[in-house]
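Have a look at the structure below before the remarks.
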Amino acid sequence: MAKVWVRAKTVLNDFDAGKLITRHPGDWFKTGKQQARNWLANGQIEIINPETIRMVMPPSCGIVSPVNTISNGAIPVIVSDYPVFEYDRILFYNPSIFLKKEFIPAAFKLLDNWEVIVPIADYNRLACDVGTEEDRSRTKEIIHDLRVPVYETRAMFLRKAIATEELLEVWKEERSLGESEELAFLRALYRVKPYILALPSLWVDSERR
Amino acid sequence: MTTTGAVYVAYGESAREEALESIASFRRFHDLPVLVLSDRQLGNLATVTFQKPGFGARWAKLNINMVANFDRILYFDADTRIKASLEPVLEILNDFDLLLSPSSQQDQMLLHHIGEEERQNTLWEIGNPKPVQLQAGVMFFNRLACFDLFHYWRLEWLKYKSQDQAALLRALYQSPVKVWLLSQAFNHRHGEVIEHLFGRARRKVNIKCL
């Protein structure tokens, strides 16, 4: 089985050639990809080598951001204020919020099954709580009920597809019709109906809003 | 014409009592047909005596799409109370396949109520280290669009035969549908549209397991 280089962030019990070896924070070692995914998902390791990251992530992934801030060289960054499909899979990320970086490879992989992956902003932040009266009125006409969560569009994963290209067009149009980006996104989601996977709000750090 | 109906699963005396109260609350707002899967006939209600309902009657719940012949199914746990009209939900069901709310158990409490083995295997299989846990005690869906989803949900549930939330996550991963997330207003102890009185249907349960 192919192995990848990882660096331990916590104490880990690793098996190498049948022997139990304790890895300490900072240790570099090779491990199987499946084990690496598991540890990576739990934040117990980091994978810094760009070549290694590409081995656990799908091809053609990129980050679209208004600022070139979060790249470590492993994932290319396109500077743009709005999502663009320069790659088949993009993370549209505004660094005004904090996105847990260790989850990024998993989300790119999840785009195998979903077209849009986006965190819920806050379980108690609903469409009826945001925007102007006009925004909410227009939104309710489209989505029928405002008692739904809004999404954190500053950290959104998208796979290039007919639905997502349309979503971005419609979102742009809806943004021009109101003040709330969140409500504009909800209206666009409803109008286009892509396959969307909601993520828990803990994927982003709301305190850095 | 598209048919819509409410479906309940109620096994045991407590669950049947709770279901009757829930149905009464539903009737204050809607005149739609109601079907109950139970271990005995419930008054004049259309009832299916589904044999071997499984742990917590979950096997019965996961077969509601096979038993209820409605195009659109409004599923309610027996211990719910409908507090407001569901007309918006019926509109949304014209456009999306599955409507349900996130559970109030997220983050550190994610899937805390299921066995560790199933929890870890679920997170691994769905490739998502931190998913949103969904609360399937209230769900509204298009039966045809969710046919495959329920098929996989049953297969996944049979692996552990325990709770159903983790099995749902695994099933959604295998058979994605168009989900429109509702808030906890539609499924919460203090939900303003649907109140969920968790646990009330489980008193004095005596059901046969699968």
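No hydrogens, no waters, no symmetry mates; every other heavy atom, side chains included, goes into these values. Keep in mind the model is a prediction, meaning the values are calculated, not measured. Numbers restart at 1 for each chain; the letters A, B, ... are given by sequence-line order, proteins then strands.
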(request) Mind ranking K193(A), K140(A), E115(A) by heavy-atom pairs under 4.5 Å with chain B and telling me who comes out on top? (result) K193(A)
(message) Under 4.0 Å between a side-chain nitrogen and a carboxylate oxygen: does that hold for E102(A) and K100(A)?
(response) no
(request) Below 4.5 Å from any heavy atom of chain B, which atoms of L126(A) appear? Answer side chain, backbone, both or neither. (result) side chain
(message) If you count heavy-atom pairs within less than 4.5 Å of chain A, which of E87(B), Q174(B), E192(B) leads?
(response) E192(B)
(message) As an exercise: rank A185(B), P176(B), S101(B) by heavy-atom pairs under 4.5 Å with chain A and give me the winner.
(response) P176(B)
(message) Less than 4.0 angstrom from a charged side-chain N to a carboxylate O is my criterion; do E182(A) and R125(A) meet it?
(response) yes
(request) Could you look at L189(A) and say if it's the side chain, the backbone, both or neither that has a heavy atom under 4.5 Å from chain B? (result) both
(request) Examine H196(B) together with F76(B) and report whether their ring centres are nearer than 6.0 Å. (result) no
(message) One thing to verify: whether R143(B) and D97(B) come together as a salt bridge, which I'm taking to mean a side-chain N less than 4.0 angstrom from a carboxylate O.
(response) no
(request) Considering only heavy atoms and a distance below 4.5 Å, find which of I126(B), L182(B), V132(B), V193(B) pairs most often with chain A. (result) V132(B)
(request) Taking atom types as modelled, find out whether Y11(B) and S38(B) have a side-chain donor-acceptor pair closer than 3.5 angstrom. (result) no
(request) Please flag which part of L186(A) lies under 4.5 Å from any non-hydrogen atom of chain B: side chain, backbone, both or neither. (result) both
(request) Count the heavy-atom pairs under 4.5 Å between each of V177(B), L134(B), V179(B) and chain A, then report the option with the highest count. (result) V177(B)
(message) Are the side chains of C146(B) and N65(B) in contact, using a 4.5 Å heavy-atom criterion?
(response) no
(message) Between K161(B) and E156(B) (salt bridge meaning N to carboxylate O under 4.0 Å), is one present in this structure?
(response) no
(message) Tell me which of these, N42(A), I143(A), I196(A), has more heavy-atom pairs under 4.5 Å with chain B than the rest.
(response) I143(A)
(request) For E141(A) and R187(A), run salt bridge (Lys or Arg N to Asp or Glu O under 4.0 Å): C-alpha distance rounded to whole Å, both residues' side-chain angles, the deciding distance at 0.1 Å, then the answer. (result) CA-CA 9 Å; E141(A) 271 179 31; R187(A) 296 194 297 270; over 6 Å; no
(message) If I measure from the heavy atoms of chain A, does P131(B) come under 4.5 Å with its side chain, its backbone, both, or neither?
(response) backbone
(message) Taking side chain as everything from C-beta outward and backbone as N, CA, C, O, which of these in F186(B) sits under 4.5 Å from a heavy atom of chain A? Side chain, backbone, both or neither.
(response) side chain
